[in-house]
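Letters go in sequence order (proteins before strands), and every chain restarts at 1.
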2 protein chains.
Amino acid sequence: MTDDDHDHQEDLPRLGEIGLANYAPYLMNRIMGRYNSALRDEMAKLGLTTPKMRALAVLSVIDGPLIRELAVYIVAEQSTLSRALDQLDADGLVRRETDAGDSRATRVFLTDAGRAVFDTLWPHMVESFSRMFRGIPDDERRAFVGTLQKMLANIRKHEI
Amino acid sequence: MTDDDHDHQEDLPRLGEIGLANYAPYLMNRIMGRYNSALRDEMAKLGLTTPKMRALAVLSVIDGPLIRELAVYIVAEQSTLSRALDQLDADGLVRRETDAGDSRATRVFLTDAGRAVFDTLWPHMVESFSRMFRGIPDDERRAFVGTLQKMLANIRKHEI
DNA sequence: CAGAATTAAATGCATTTGCAAATATCTTCG
DNA sequence: CGAAGATATTTGCAAATGCATTTAATTCTG
C-alpha cells in the first residue's frame, strides 16, 4: 500500500494548476450556496428549511412518491427527510399515507396548504434562478442544462 | 411572450411546466450532492468534514487568506469555519496567524501536514470530477465552465 | 482626539444533520 | 410453511450547523 499510494498521484494536474475559477465543482458549490442562501430568508419566514422547501418543490411536480424516492430527489438522507416530513405533516403542508400494496412504505402528498406555501416561495426561486442566468443567451442556457443532464446521468446511483 | 410588465405570480411558469429535469438549480443540487457524498467516505477516513476539506482545498491554492475571505471561498458561515479551523489547527493541518497590519484579523496557512492530507484526498476529488464529465467533449466542458463563471459573476456578493 | 459606528473572529445555544441501530413488513427459498 | 435475508421508515445519539451575541480592534466623525 506504500508505493502504490505515492505513484497514484504523480501525473494528476494539481488544483492550483487548474485554478479554482476553472474547477467546475468549486464554481457549482459557490453558485448553489448563494442560490440557497438567497432563499433562506424567505424560507425562514415560512418556517422552512432547505430540505423542507425542496420536498415541497418536488411534491408540487410529483404526486405521492415513496419517501425513499423523495429522498433521492431532494438529495437528503432518509432520516433527515423523515424528520422534515414530521414537521411538514404537523404544519399540515403534506400528508403521509401508507402505500396500498406495501404497508412498510409511505407515500407523500402535498396538501392545499402545502401548495399554497410553495406558491408563495416559487416567485423567489424564479427570481434567484433568473438572476443566475442574467445576460446568458437562450442557446447557451439550453446547452448548459443539456450538459447538466449528461452529468447527472453519469453520476447518479438511482434511476430517478 | 405577452408584455413586459412587472412579475406577478400568474405570469410565472410553474415548476411542473419547466420540469424538474430542466430546472438548473435542481440538477446542480443533485450533482453536487453526489459529488460531495462520493467524497464523504474518504474525508471521514481522514477525519475531515466538507468545510474542513474545502478549507484545505482552497488553502492549497491561496496562501494566507483572511478567515472571512476563506469563508466566502468555501461557502460556509464564518462561525462554521472558525470551528473547522479550531479542529484543523488542533490536528496540525493549518496554522492561524494574526495579520500584521490589523490585529483583529487572522490569516490562515496550510502546514506541510495539511498539504499532505489534501494530496491524499485530491486524487479522489479528481476521480469524482472526471466521472461527472465522462463522455462530455472538451469544447462542451469549456463552454460549461464558461457559463458557470458568468453565473458566479452574476450572483456573487463578494468580489472574490 | 473621544465616542460612535464598523469590522474580524470566536462563542453560546438551539436546531439540524448523519450515521447506526431499531422496528416493522415483505420476499425468498429450503 | 417458516426462518433468513431484504427493504422502508423511524429513532437514538453525537456531531455539525446557523443565528445571534460577545469580545477585541479599527475606522469614521464631529
Side-chain angles (χ1 to χ4, degrees), chain A residues 29 33-34 36-45 47-55 64-91 94-108 157-160, chain B residues 29 33-34 36-55 64-91 94-109 157-160:
Chain A
N29 271 323
R34 191 141 298 290
N36 289 323
S37 82
L39 291 173
R40 198 157 294 155
D41 282 351
E42 280 306 318
M43 295 191 316
K45 276 189 216 163
L48 299 175
T49 58
T50 298
K52 287 163 78 176
M53 175 271 280
R54 288 187 190 168
L66 297 176
I67 289 180
R68 68 177 164 77
E69 293 170 345
L70 189 53
V72 173
Y73 285 115
I74 75 172
V75 195
E77 288 289 315
Q78 225 170 58
S79 59
T80 300
L81 176 57
S82 177
R83 281 181 264 242
L85 291 175
D86 287 345
Q87 295 181 19
L88 291 170
D89 202 338
D91 292 344
V94 305
R95 187 167 40 82
R96 279 185 280 203
E97 232 173 70
T98 301
D99 183 68
D102 184 344
S103 61
R104 290 170 303 181
T106 304
R107 296 194 173 275
V108 190
K157 279 184 173 170
H158 310 85
E159 282 311 317
I160 54 179
Chain B
N29 272 323
R34 190 141 300 287
N36 289 323
S37 82
L39 292 174
R40 199 157 295 154
D41 282 351
E42 278 307 318
M43 295 191 315
K45 276 189 216 164
L46 298 167
L48 299 175
T49 58
T50 298
K52 286 163 79 176
M53 174 271 282
R54 289 187 188 166
L66 297 175
I67 288 180
R68 69 179 164 76
E69 293 169 346
L70 188 53
V72 173
Y73 285 115
I74 75 172
V75 195
E77 289 289 315
Q78 221 171 63
S79 58
T80 300
L81 176 57
S82 177
R83 280 180 265 242
L85 292 175
D86 288 344
Q87 296 181 19
L88 291 170
D89 201 337
D91 292 344
V94 305
R95 187 166 40 82
R96 279 184 280 201
E97 230 173 73
T98 301
D99 182 69
D102 184 343
S103 60
R104 290 170 305 181
T106 305
R107 295 194 174 275
V108 190
F109 301 86
K157 279 182 172 170
H158 310 85
E159 283 310 315
I160 53 179

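Whole-Å rounding puts the B:D99 CG to C:dA9 C1' distance at 13 Å. Here the C1' atom of nucleotide C:dA9 and the CD atom of B:E97 are 16 Å apart, to the nearest Å.
Residues forming a salt bridge (charged side-chain N to carboxylate O under 4.0 Å, His left out) with B:D91 (at least two apart in sequence, or on another chain): none. Not counting sequence neighbours, the partners of B:Q87 by the side-chain contact (heavy atoms from CB on, under 4.5 Å) test are B:K52. Under the side-chain contact (heavy atoms from CB on, under 4.5 Å) criterion, B:A38 pairs with B:S128, not counting sequence neighbours. Contacts of A:R107 classified as salt bridge (charged side-chain N to carboxylate O under 4.0 Å, His left out), with partners at least two apart in sequence or in another chain: A:D99.
Between A:S103 and C:dC26 there is a side-chain polar atom (N or O) within less than 4.0 angstrom of OP1 or OP2.
Among pairs with a residue in residues 75-88 of chain B, those fulfilling salt bridge (Lys or Arg N to Asp or Glu O under 4.0 Å) read B:D86-B:R96, at least two apart in sequence or across chains.
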Problem - Where protein sits on nucleotides 7-18 of chain D, one letter per nucleotide: B base, S sugar-phosphate only, - none, heavy atoms under 4.0 Å - result: BSBSBBB--SBB
